[in-house]
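So the structure is just underneath, and the comments pick up after that.
The model shown is predicted, which means the values in this text are computed figures rather than measured ones. Throughout, protein chains are lettered first and strands after them, A, B, ... in sequence-line order, and every chain is numbered starting at 1.
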2 protein chains.
Amino acid sequence: MQNSKRALHAPTYKRLRDTLIGELADGQYPVGSRFPTEQALCARFGLSRHTVREAIRGLTGQGLLSRQAGSGTRVLAKKQPTVFTYRLESLSNLWQYAAQTRFVPEQEGAVTLHDDLAKKMGRTAGERWMRITGVRCGMDNSKPLCWSALFLAEPYMDVRGNVNVEDSSYYETICEVYGLTVSEVERSMSAVSTPANVARQLGIAPGAPSILERRTYRETSGEAFEITLSIYPGDEFMHTTRLVRENDASLAGND
Amino acid sequence: MQNSKRALHAPTYKRLRDTLIGELADGQYPVGSRFPTEQALCARFGLSRHTVREAIRGLTGQGLLSRQAGSGTRVLAKKQPTVFTYRLESLSNLWQYAAQTRFVPEQEGAVTLHDDLAKKMGRTAGERWMRITGVRCGMDNSKPLCWSALFLAEPYMDVRGNVNVEDSSYYETICEVYGLTVSEVERSMSAVSTPANVARQLGIAPGAPSILERRTYRETSGEAFEITLSIYPGDEFMHTTRLVRENDASLAGND
DNA sequence: TTGATGAAATTGTCCGGACATAAAGTGATC
DNA sequence: GATCACTTTATGTCCGGACAATTTCATCAA
């Protein structure tokens, strides 16, 4: 009997949460201002602190509120923004050809960046990096897929001895050997005319349009430890990213 | 006295959570198997149900466990995968130049896709789309930033009357008028030689390398309702995306 | 054997209380 | 006026209990 009423309603903490979301959206609590304390909400709605906290927990999870012991609760946003995300389960997926490629090194040696190269790499001239150039091929040993120049920061130059260049990638080895964690990868693309020597290795016409892709791998401190410049034949390859609307389900896991 | 021991340790529920994460990583609870019940964990660790639930809450949030009332708790994964994400707060940020650009239309009219155009758009030949071409300029009225061809799917062709092309974007208007929601944006890039007519409008040399960017806006059903093809001068523009390691903080908001 | 019924197990919700921890405010003292 | 100690306030952690909702399983009847 009395539970039939319950069954028709959402749980108390959810209804409270929705109420508060509505009040936030209405602008009753301006962004940056203080949100009512737990005690105030308990008194206002006649609920236990436990239930109030359960409702607020959802709001902090959605990025609407921020809490600090001793200080109180502040309003971060009026409503949850719609967010589009591009997700990678692992960095190796950055290669659309994934595990089906093989890096074939050609030259390696330390270089001091001159103006032009520094600009391409997004660094400043005069820095010293270890450079390894080569091409990346498919497993079927046909025409190379792209030309790459791989740069390792000075402290990690001697890692090249540990890398099985064909099977593994440098950033993975560097992370293992030096205990680093990749915290960020920046990927930039622009169009260029294929340089003659690269065109020859890729088997395309010199000067044909191609994509110059730069990847910068940064560790936790924000310092770049590996940079790769790659040239892809423009007419054969498409770089695709899919941005997907973030479903609220991913945040509402505690419901 | 007794709290000095507390102060040195993390809270009980966190230590329990770490313990369970370790046991999961060790493979003590195989993926797909049943996880110990709350009562079992309470008895084993001598803790209250509240604390045990607080620990488990973190594990479900990380996607390690899934729970079902009446049924129990099952193991979803041994450990949390490292995920890299590229986040957009709003789609207008897809324009790196954001609000500082203006679309200047040139031609518009319905077209039936021929083979070549269909391939560029990732569609099949014979479909009918509304095409609007033009250039996008900075607010300072200088040289155009890019050339664009914008395609609207047949059902939404007549929206063009409602759009203030200079201020707003088509996909926004279409979504408003027809009640659609953008659920996904696919972005592909390749390098091409700038066609003569585009080069003229952009003020660059014909045949110079440029980036051809295609964006496909899809609504919830997965159907594409707007496609844009844009050509950017290759040497002037860089398209950059930053992939950031998903910090556990975003999930551990309940800590 | 099948089907329905009810008990048991398990998670979900909600309440009460207590103390710890952190931040901010208050005031006395130098 | 600046600094230290104390008080106040608010959130964080932890315990206890109770009942609801859901699923599973055993039992019993047809």
Passing option when R49(A) is tested against E38(A), Q39(A), E54(A) for side chain to side chain donor-acceptor pair (under 3.5 Å):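 One option only clears the test, and that one is E38(A).
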In this structure, how many angstroms lie between the [atom2] atom of [N] and the [atom1] atom of [X], rounded?
{"X": "R34(A)", "N": "dA23(C)", "atom1": "CZ", "atom2": "P", "result": "14 Å"}
{"X": "E38(A)", "N": "dT13(D)", "atom1": "CD", "atom2": "P", "result": "11 Å"}
{"X": "Y13(B)", "N": "dG12(D)", "atom1": "OH", "atom2": "P", "result": "9 Å"}
{"X": "E54(A)", "N": "dG12(D)", "atom1": "CD", "atom2": "P", "result": "13 Å"}

Which atom of R67(B) lies closest to which atom of I56(B), heavy atoms considered: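 The answer is NE-CG2, 3.6 Å.
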Least distance between heavy atoms, L113(A) atom then T124(A) atom: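 Result for this residue pair: CD1-O, 4.0 Å.
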DNA chain C contacts made by residues 39-51 of chain B, counting heavy atoms under 4.0 Å: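 Here the set is R49(B).
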DNA chain C contacts among residues 63-76 of chain A, heavy-atom distance under 4.0 Å: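 The stretch gives Q68(A), A69(A), G70(A), S71(A) as the residues lying under 4.0 Å from the strand, ordered by number.
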Verdict with reasoning, L24(A) to V75(A), per side chain to side chain contact (heavy atoms under 4.5 Å, CB included): CA-CA 8 Å; L24(A) 280 165; V75(A) 180; 3.7 Å; yes
Parallel, tilted or perpendicular, as decided by the 30° and 60° cut-offs, for the rings of Y217(A) and Y171(A):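 It falls in the parallel class, under 30°.
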Aromatic contact, H239(B) with Y232(B) (centres under 6.0 Å):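 Between Y232(B) and H239(B), which both carry aromatic rings, the centre distance is below 6.0 Å.
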Test: E186(A) and R218(A) ion pair at under 4.0 Å: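 Salt bridge between E186(A) and R218(A), a charged N being under 4.0 Å from a carboxylate O: yes.
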Ionic contact status for E23(B) with K79(B), cut-off 4.0 Å: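 No salt bridge links K79(B) with E23(B).
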Distance below 4.0 Å between R53(A) side-chain N/O and dT11(D) OP1 or OP2: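 For dT11(D), neither OP1 nor OP2 has a side-chain N or O of R53(A) closer than 4.0 Å.
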